[in-house]
Every structure is written in C-alpha cells, then in structure tokens.
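We name chains A, B, ... by the order of the sequence lines, and we start the count at 1 in each one.
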Amino acid sequence: MSILDLFKRRTSAPVARERLQLLLAYERQSRGQPDLVSILREEIMAVIAKHVQIDQDYLQVSMDRGATMSTLEIDIQIPNKSAMPLAMAG
Amino acid sequence: MGKVVVVTSGKGGVGKTTSTAALGAAVARTGKKVALVDFDVGLRNLDLIMGAERRVVFDLVNVIQGTAKLSQALIRDKRLETLYLLPASQTRDKDALTEEGVAEVIARLRSVFDYVFCDSPAGIERGAQLAMRFADEAVIVTNPEVSSVRDSDRIIGLLDARTMKAEQGEVVQKHVLVTRYDAARASRGEMLSIDDVLEILSTPLLGIIPESQDVLRASNLGAPVTLSEPLNSAAKAYLEAARRLEGEDLPVVVPFERKGFLDRLLGRRAA
C-alpha cells in the first residue's frame with residue numbers, strides 16, 4: 001500500500017453518501033405512488049399509441065435520475081405509412 | 001445454451017451481491033455475455049453495487065407479469081458492453097415471482113447469454129428457492145464464521161433437494177467461495193480455517209476473497225471491484241475464482257498475513 005493509496009482511499013465515502021441520498025430521496029418520494037418520470041413515460045406512450053401501433057420490440061426506454069435533473073429517453077421506431085398495415089390516423 | 005449460476009448463502013451480509021457483481025464482471029471482461037439477475041424482490045441492491053441505481057426503468061417482476069419486455073428491462077453496463085443487469089422490483093414482495101415466470105425468464109436469458117448469475121436473497125424461503133431453482137451451478141458464499149458455515153450447509157441441502165436438476169436426478173455443481181477472509185485473525189486462530197470450512201461443508205473451493213477495504217470502496221463507488229481495481233488482492237481473488245468457475249484448473253493459495261510498517265505503527269488490520 002503506497003502513501004498515494006492512503007489519500008485515494010479517503011474519497012469514496014462522500015461518493016457513497018451522495019449516491020445514497022439521491023436514491024433514497026427518490027425512493028421515499030415514490031413509496032406507494034409512481035414517480036413523475038414513470039407517469040410521464042406512461043402518458044407519453046399512451047399518446048403515441050393513440051396514433052401508431054407501438055411494437056414492443058422496437059421500443060427502448062431509458063432513464064437517468066440526477067440530483068437536479070433526470071432524463072427520460074423513449075426510443076420508438078415508427079414505421080412509415082406505406083409499411084404500416086394498422087395505421088389509425090389514416 | 002448459457003450456464004445458470006446461483007450465488008447463494010442462506011445467511012445475509014456475507015457478500016452475495018458483491019460477489020455476484022465481482023464474478024459477473026470478471027467473466028464479462030473475458031468477452032463472454034453475462035446477465036446478472038437480482039432475485040431480492042423488495043430489497044434490491046445489485047443495482048446499487050453495479051452503479052446502475054439511477055437507470056432502473058423496468059424490473060424482473062415487470063417482465064414476469066408481461067408489462068415489459070426482457071430486452072427493455074435489461075440494463076447494459078456502462079463500462080462493459082457484454083455485461084447486463086436485470087434488477088429486482090423494489091416495490092413488490094417476493095410473492096410477485098411465480099415459478100413459471102422465473103422459468104421463462106431464465107430460459108430466455110440462457111438462450112442469449114453465456115452466463116446468467118442469479119443473486120439470491122438471504123434466507124431459505126421462496127425467493128431464495130426460486131433463485132436456485134433453475135441453476136446449473138451454485139456459488140455458496142461463506143464467511144469463516146460458525147453461523148455462516150451452518151447456514152451454508154443448510155443451503156447445500158436445499159441445492160441437492162429443491163432444484164430442477166436435483167429433481168431430475170442430476171446434480172447442481174457446487175462451489176464454496178470464502179469471503180471476508182482475514183489472514184491475520186486466521187493465523188491467530190480466531191477464525192475458522194479454510195480447511196475447517198471445507199471439511200465441514202465437503203464442497204470444493206472456488207476461491208478465498210481476503211477482507212479488503214477496496215471491496216467497500218468499490219461498493220461506495222458503484223463498481224464491481226474486478227472492474228474498478230483489478231489489481232487489488234480481493235479483485236485478483238475474484239478474477240481467479242471466475243476462471244475456476246469457467247473450468248480452469250488453478251490452485252487456490254490461502255492468503256497469508258503481510259503487514260506493512262505503517263499498518264503496524266497504526267495498529268491497523270488488513271480490514
């Protein structure tokens with residue numbers, strides 16, 4: 001173990017504290033009820049589903065919760081009209 | 001067809017989740033496709049140890065209940081592209097898992113991945129039994145301490161009785177992974193020796209992971225120790241254990257006490 005390691009080793013606890021605070025804040029708030037990001041996800045999907053049939057195979061949802069900002073990414077491949085047998089909007 | 005490995009112990013807090021992350025990442029580093037499945041429904045933690053806690057959208061229960069596709073629930077590791085995580089649900093309880101549902105998820109994972117590591121919850125109840133149900137091999141995580149060894153013995157009994165393989169007259173290949181091994185305490189005779197543990201459990205040894213502050217550090221940072229500090233002694237022991245799991249014939253060396261001058265001066269343990 002070198003002297004450098006001794007210094008390096010000190011730095012992980014604050015990272016752990018920050019990660020936990022962020023996670024627990026989210027989990028406490030969402031206990032018993034879905035969080036905003038989940039509500040948004042479901043409503044956005046519902047709106048899209050009104051116009052296009054969503055094929056679950058071409059849908060990817062990813063999320064990254066941050067302290068001040070979260071990102072929600074919904075990646076849907078929408079087929080072109082000509083290739084869409086079940087087009088609803090016409 | 002991939003191999004399904006359950007990481008189990010009976011007792012809590014011995015290092016199942018840490019070992020699942022470290023072994024899974026070690027195997028994935030060699031280019032094999034690896035899925036880590038958290039079976040601790042209601043008390044998930046593998047996401048936190050893997051540093052993916054902010055990216056969980058869907059979970060195992062969603063997949064079993066059909067509200068999400070398996071491909072949507074799998075989270076790809078940001079460091080290793082061959083490593084994936086299927087998180088447990090945090091809001092449901094263990095009854096949300098059905099045997100048929102687990103069977104289907106495992107079968108599909110097995111067809112896509114080279115290795116599927118199932119991180120078992122503590123205890124011997126339903127969750128733990130479902131985690132081991134479809135396993136080909138088992139890693140029994142044991143601390144060199146009486147209650148842990150006793151619980152491991154109980155789990156070995158279940159592996160031989162309640163798994164699909166056992167019911168079909170086959171054998172789940174079992175390996176003991178001794179974790180939190182403190183060479184100093186073992187040399188002073190304060191801790192069960194490796195020989196004691198192996199003799200009592202009569203199960204082959206997969207590896208000995210020394211007690212190390214780097215393991216805690218890796219958990220703090222949300223990175224498997226085999227990825228974040230592969231040169232550390234605990235990480236090396238996990239990397240070697242992973243090679244043995246893949247069938248390599250590597251001798252296990254029992255760690256011995258090697259204290260530095262500074263450690264002696266400060267009266268610090270290897271811990």
Side-chain angles (χ1 to χ4, degrees), chain A residues 1-42 44-46 49 54-77, chain B residues 42-45 47-59 62-63 66-78 85 87 89-92 210 212-223 225 228-229 231-233 258-266 268-271:
Chain A
M1 193 199 293
S2 76
I3 299 284
L4 260 178
D5 280 333
L6 274 177
F7 285 105
K8 203 178 76 182
R9 267 157 232 271
R10 293 270 154 79
T11 59
S12 80
V15 179
R17 192 187 57 216
E18 205 174 297
R19 291 177 61 219
L20 265 180
Q21 277 172 341
L22 186 63
L23 179 67
L24 294 185
Y26 159 74
E27 286 191 343
R28 284 176 188 149
Q29 156 226 303
S30 63
R31 207 164 284 167
Q33 73 210 49
D35 65 312
L36 177 65
V37 183
S38 306
I39 295 168
L40 284 177
R41 185 190 73 221
E42 269 158 38
I44 291 169
M45 300 288 294
I54 301 171
D55 187 336
Q56 288 275 317
D57 287 326
Y58 297 105
L59 168 70
Q60 279 300 332
V61 185
S62 64
M63 197 155 63
D64 197 345
R65 280 187 221 99
T68 53
M69 202 175 70
S70 297
T71 59
L72 172 67
E73 250 177 66
I74 301 181
D75 186 343
I76 308 174
Q77 289 186 28
Chain B
L43 285 173
R44 73 166 174 230
N45 270 322
D47 58 330
L48 193 55
I49 299 302
M50 293 295 294
E53 73 279 3
R54 300 187 311 175
R55 298 166 60 211
V56 177
V57 183
F58 300 115
D59 56 55
N62 291 135
V63 177
T67 49
K69 290 218 134 200
L70 182 57
S71 59
Q72 294 166 341
L74 284 166
I75 302 172
R76 192 165 91 175
D77 189 83
K78 286 198 164 163
L85 166 70
S89 169
Q90 184 69 333
T91 49
R92 314 297 181 86
S212 160
Q213 49 192 346
D214 294 273
V215 174
L216 175 62
R217 186 182 143 76
S219 300
N220 281 348
L221 299 176
V225 72
S228 63
E229 307 189 38
L231 299 178
N232 158 261
S233 59
R258 195 171 51 192
K259 267 191 174 178
F261 171 70
L262 204 60
D263 292 312
R264 252 180 249 252
L265 201 67
L266 299 172
R268 285 211 320 213
R269 297 240 171 91

Note to self: If I take atom OG from residue A:S62 and atom CG from residue A:L72, how far apart are they, to the nearest 0.5 angstrom?
What the structure shows: 7.5 Å
Next item on the list: Below 4.5 Å from any heavy atom of chain A, which atoms of B:L48 appear? Answer side chain, backbone, both or neither.
Entry: both
Margin query: Out of A:E18, A:Q60, A:R17, return the one with the most heavy atom pairs under 4.5 angstrom to chain B.
Written below: A:Q60
Notebook entry, point to check: Checking heavy atoms, do the side chain of A:L59, its backbone, both or neither come under 4.5 Å from chain B?
Noted result: both
Next item on the list: Please flag which part of A:R41 lies under 4.5 Å from any non-hydrogen atom of chain B: side chain, backbone, both or neither.
Entry: side chain
Check: Without hydrogens or angle criteria, can the side chains of B:N62 and B:T67 be said to hold a donor-acceptor pair below 3.5 Å?
Finding: yes
Notebook entry, point to check: Within the distance-only criterion (no hydrogens, no angle test), does the side chain of B:Q90 pair as donor or acceptor with the backbone N or O of B:R44 below 3.5 angstrom?
Noted result: yes
Item checked: Ion pair check, A:D64 and B:R54, cut-off under 4.0 Å -> yes
